[in-house]
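Working notes, beginning with the structure itself.
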Protein chains: 2
Amino acid sequence: MTPQRRAVAAVLRGENVHLSAEVVLSRARQELPELSMATVYNTLNELVAMGEILEIANGSGPKRYDPNVLIAHHHLVCTSCGSLQDVAIPASNPRLNADELHGYLITGTEIVFQGLCPRCR
Amino acid sequence: MTPQRRAVAAVLRGENVHLSAEVVLSRARQELPELSMATVYNTLNELVAMGEILEIANGSGPKRYDPNVLIAHHHLVCTSCGSLQDVAIPASNPRLNADELHGYLITGTEIVFQGLCPRCR
DNA sequence: TTTACTGCAAACCGTTTGCAGTTCC
DNA sequence: GGAACTGCAAACGGTTTGCAGTAAA
């Protein structure tokens with residue numbers, strides 16, 4: 001646990017936090033100005049590998065990192081400004097029936113609700 | 001309609017087709033060897049803008065292009081090899097209730113089922 | 001002294017863009 | 001001649017990597 005990793009981890013804390021590497025860097029630099037981007041990426045990737053944070057791959061644009069791993073949830077993304085909102089798993093959780101599985105073994109289901117956020121609509 | 005565009009469009013035809021720009025190029029070059037990557041991307045982006053094909057943004061790795069725009073569907077992706085399968089919209093289509101909308105106006109819902117394909121499991 | 005980690009800079013991959021050279025009306 | 005399009009090569013943005021230097025065990 002180096003100061004760098006602590007600074008990165010400290011930024012990724014809380015609910016409804018979805019930060020890009022860039023933003024993680026600038027925020028963590030408030031604590032540790034000499035922090036480098038390489039170290040941010042190294043740390044983020046380790047945190048993802050350890051299961052401490054989630055990686056949210058946005059279509060184009062940078063990946064976002066989400067520290068909320070304890071409560072399973074989906075995302076609501078604004079197609080205009082890119083802002084993200086956590087949403088609870090809906091009551092009607094989608095399932096595939098046998099003939100739609102095409103022989104796959106399902107390991108996860110991810111729902112992305114697209115829409116316009118209050119500011120953009 | 002130039003030969004280049006025709007060649008690209010011809011490759012993106014059928015069901016369960018999810019090709020990267022790279023693959024589109026190499027296949028279209030069998031018809032038109034002098035085709036360039038720039039033109040492939042130009043054409044793909046126009047087709048997407050025209051609503052003729054869908055862009056599937058994979059986490060890391062190249063985008064995939066899907067000509068199946070007529071039948072609404074979701075995707076089943078192999079987390080090991082990246083292969084993709086179209087799946088029908090499940091009977092229980094997820095919906096958010098008012099308090100989960102957070103003021104967003106929903107415009108679309110995308111489900112990605114992750115799993116292991118028959119070859120990888 | 002070995003090991004792990006950092007920061008820098010350069011490389012990387014997928015995609016986009018500037019531009020000069022077609023082609024077609 | 002003007003508009004639309006091509007191919008090349010260079011630029012781009014986000015991410016990763018090689019490497020020399022530093023700190024910690």
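Basis for what follows: all heavy atoms, side chains included, without hydrogens, waters or symmetry-related copies. Below, chain A is the first sequence line, B the second, and so on; all start at residue 1.
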How many Å lie between [atom1] on [X] and [atom2] on [N], as a whole number?
| X | N | atom1 | atom2 | result |
| --- | --- | --- | --- | --- |
| Ile56(A) | dG14(D) | CD1 | P | 17 Å |
| Leu25(A) | dT15(D) | CG | P | 12 Å |
| Arg6(B) | dC5(D) | CZ | C1' | 13 Å |
| Asn45(B) | dT6(D) | CG | P | 13 Å |
| Met37(A) | dT17(D) | CE | P | 16 Å |
| Asn42(A) | dG18(D) | CG | C1' | 12 Å |
| Leu19(B) | dG14(C) | CG | C1' | 16 Å |
| Asn58(A) | dG14(C) | CG | C1' | 16 Å |

Compare the minimum distances between each of [options] and the side chain of [X], then state the nucleotide with the smallest one.
| X | options | answer |
| --- | --- | --- |
| Arg5(A) | dT6(C), dT6(D), dT17(C) | dT6(C) |
| Ser36(A) | dC8(C), dG7(D), dT15(C) | dC8(C) |
| Ala38(B) | dT17(D), dT15(C), dC8(D) | dC8(D) |
| Pro62(B) | dT15(D), dT15(C), dG7(C) | dT15(C) |
| Leu35(A) | dC5(C), dG7(C), dG7(D) | dG7(C) |
| Tyr41(A) | dC5(C), dC5(D), dT15(D) | dT15(D) |

* Would you find more than 12 non-hydrogen atoms of other residues, nucleotides or ligands less than 6.0 Å from Arg95(B) atom CZ? ->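 For Arg95(B), atom CZ is not crowded (no more than 12 foreign heavy atoms under 6.0 Å).
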* To do: Look at Thr2(A) and dA4(C) and indicate whether a side-chain polar atom (N or O) is within less than 4.0 Å of OP1 or OP2.
  =>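 Looking at the OP1 and OP2 atoms of dA4(C), neither is under 4.0 Å from any side-chain N or O of Thr2(A).
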* Evaluate the criterion side chain to side chain contact (heavy atoms under 4.5 Å, CB included) for residue pair Gln114(B) and Ile106(A); output intermediate values, then yes/no. => CA-CA 6 Å; Gln114(B) 291 132 314; Ile106(A) 302 287; over 6 Å; no
* Asked: Among Asp86(A), Asn58(A), Asn68(A), which one satisfies side-chain hydrogen bond (donor to acceptor under 3.5 Å, both in side chains) with His18(A)?
  ->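 The residue from Asp86(A), Asn58(A), Asn68(A) that satisfies side-chain hydrogen bond (donor to acceptor under 3.5 Å, both in side chains) with His18(A) turns out to be Asp86(A).
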* Under 4.0 Å between any heavy atoms, over every strand shown, what does Glu22(A) touch: base, sugar-phosphate, or nothing? Just pick one. =>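 Nothing: the residue Glu22(A), judged by heavy atoms under 4.0 Å, touches no strand.
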* Pro90(A) versus His74(A): any side-chain heavy-atom pair under 4.5 Å? ->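 Counting from C-beta outward, Pro90(A) and His74(A) do come under 4.5 Å.
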